[in-house]
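Okay, so here's the structure we're looking at.
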Amino acid sequence: MDKFRMLFQHLQSSSESVMNGICLLLAAVTVKIYSSLDFNCPCLERYNALYGLGLLLTPPLALFLCGLLVNRQSVLMVEEWRRPAGHRRKDLGIIRYMCSSVLQRALAAPLVWILLALLDGKCFVCAFSNSVDPEKFLDFANMTPRQVQLFLAKVPCKEDELVKNSPARKAVSRYLRCLSQAIGWSITLLVIVVAFLARCLRPCFDQTVFLQRRYWSNYMDLEQKLFDETCCEHARDFAHRCVLHFFESMQSELRALGLRRDPAGGIPESQESSERPELPEDPDSGSRKAHLRAISSREQVDQLLSTWYSSKPPLDLAASPRRWGPGLNHRAPIAAPGTKLCHQLDV
């Protein structure tokens, strides 16, 4: 159990490992789906190419979109591209690095599907059976052009009465299957060569720029996670303060009207409470919600979130506290009660 917990914490802290694991999972699911797929070509002139190419290209497109959806950096990349510059400049190199990383992971599962389909050959035979040149085969010499087209459309269906036990069907099917496998192995070799060259040639380029872009792409991912966590904590504390304020105001109104009494039927609770000594506030709860003392309305929270989106703080730790103030960070210096929200706040 401890090893599983350590593995889960490692995957949770490393977004790159999580994305690689998700890509491998999608690739494994792709293999399982394709192996359990019941392929049935319609064997009709107008629909063979549509069905074969659709089964060859549509699932990879869906898997590619799924790869983009499960990757957090795809959303961060678009947000970084569209966000206002504000007090933090944009770096197109980081966006290109994130785009390359997202595309590499999203293309893994679609590429596996296409290679499996090409190496299997059924989709290729169904899609291009009508495109075969009849002059390459001697068995079509005694057929009319219409009979040839009808025969070629029935090639993927070996149980059809028109092509059953026909040497011409076997020859056309073998030709298309060999061509499909040749294309599949060529793509596989090309991918391996490109990956090998990318791995071997990477040390030849400037590693400093690569490390910087990788660092800042990871920084953006972690910054978004911490911002979401801080917003949840801030919203929870703000809701807690609003609820307490509501019940305190209701108690004050009831005491002013003298409607609250002791359950035993004695003196009003307001008189009893005046005789009781007030309990000191919990210092831990006061310090935990000290970052809310400068925020008292929804407009201030909206202004705070708008400031974060429109002008993120510069990546300068020395200038941040003096320029931006406490913001949502409850670990920052405590603002005095009654102070107004400054125009620019940090998160």
Side-chain angles (χ1 to χ4, degrees), residues 7 9-27 60 63-112 187-231 307-324 327-329 344 346-347:
L7 178 62
Q9 291 176 354
H10 172 70
L11 293 177
Q12 195 175 25
S13 61
S14 179
S15 59
E16 187 174 357
S17 301
V18 173
M19 289 300 104
N20 292 333
I22 291 176
C23 291
L24 292 177
L25 182 61
L26 284 177
L63 292 171
F64 177 73
L65 295 178
C66 290
L68 293 180
L69 288 176
V70 299
N71 199 330
R72 281 176 51 90
Q73 287 192 343
S74 59
V75 180
L76 292 176
M77 177 186 63
V78 178
E79 290 180 353
E80 181 67 13
W81 173 261
R82 295 293 301 171
R83 73 170 176 87
H87 297 277
R88 183 187 301 178
R89 67 181 181 87
K90 295 183 181 180
D91 190 351
L92 297 180
I94 299 176
I95 298 177
R96 287 194 298 267
Y97 176 84
M98 296 178 67
C99 181
S100 174
S101 177
V102 169
L103 290 179
Q104 288 177 11
R105 293 185 175 94
L107 287 174
L111 189 60
V112 170
I187 295 177
T188 304
L189 181 61
L190 179 63
V191 171
I192 294 175
V193 170
V194 171
F196 174 77
L197 292 177
R199 178 69 68 175
C200 293
L201 295 178
R202 176 177 293 179
C204 300
F205 296 95
D206 189 4
Q207 291 297 303
T208 304
V209 178
F210 173 75
L211 291 176
Q212 289 174 351
R213 293 175 179 175
R214 183 176 181 179
Y215 174 86
W216 290 116
S217 64
N218 292 331
Y219 169 83
M220 291 172 57
D221 191 10
L222 293 175
E223 184 188 49
Q224 185 64 34
K225 289 181 181 179
L226 291 175
F227 181 78
D228 294 339
E229 294 175 1
T230 307
C231 282
T307 303
W308 168 259
Y309 174 75
S310 60
S311 56
K312 288 187 177 181
L315 301 177
D316 188 357
L317 298 179
S320 239
R322 296 193 302 269
R323 184 174 182 178
W324 292 89
L328 289 181
N329 187 3
Q344 293 176 336
D346 189 10
V347 176

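- When all heavy atoms of Ser310 and Pro84 are compared, the closest pair comes out as O-CB, 3.5 Å.
- Distance check, rounded to the nearest 0.5 Å: OG1 of Thr307 to NE2 of His87 gives 9.0 Å.
- Annotation: the span from Met98 atom CE to Arg72 atom CZ amounts to 9.5 Å, rounded to 0.5 Å.
- Partners of Arg88 under the salt bridge (charged side-chain N to carboxylate O under 4.0 Å, His left out) rule, at least two apart in sequence or in another chain, are Glu223.
- The backbone N or O of Ile95 sits nowhere less than 3.5 Å from a side-chain atom of Lys90 that would complete a donor-acceptor pair.
- Going from atom OG of Ser74 over to atom CG of Leu65 covers 10.5 Å, rounded to the nearest 0.5 Å.
- Distance CZ/Arg83 to CG/Leu76: 11.5 Å, rounded to 0.5 Å.
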Contacts under 3.5 angstrom, residues 197-206 side chains, donor-acceptor by atom type, not counting sequence neighbours:
residue	atom	partner	partner atom	Å
Asp206	OD1	Thr208	N	3.1
Asp206	OD1	Thr208	OG1	3.4

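- The nearest pair of heavy atoms linking Asn71 to Arg105 is ND2-CD, 4.0 Å.
- Classified by interplanar angle (parallel below 30°, tilted 30° to 60°, perpendicular above 60°), the ring pair Tyr97/Phe210 is perpendicular.
- Side chains of Glu80 and Ile94 form no contact here, defined as non-hydrogen atoms less than 4.5 Å apart.
- Listed for the Ser217 side chain is a donor-acceptor partner under 3.5 Å among the backbone atoms of Arg213.
- Contacts of Leu107 classified as side-chain contact (heavy atoms from CB on, under 4.5 Å), with partners at least two apart in sequence or in another chain: Phe64.
- Taking CZ of Arg82 as the reference point, atom OH of Tyr309 lies at 7.5 Å (rounded to 0.5 Å).
- Just one residue in the list Leu190, Ile192, Val191 forms a side-chain contact (heavy atoms from CB on, under 4.5 Å) with Thr188, and that residue is Ile192.
- Classified by interplanar angle (parallel below 30°, tilted 30° to 60°, perpendicular above 60°), the ring pair Tyr219/Tyr215 is parallel.
- Smallest separation of non-hydrogen atoms from Pro60 and Pro110: O-CG, 3.3 Å.
- To the nearest 0.5 Å, atoms CG (Leu111) and CG (Leu63) are separated by 11.5 Å.
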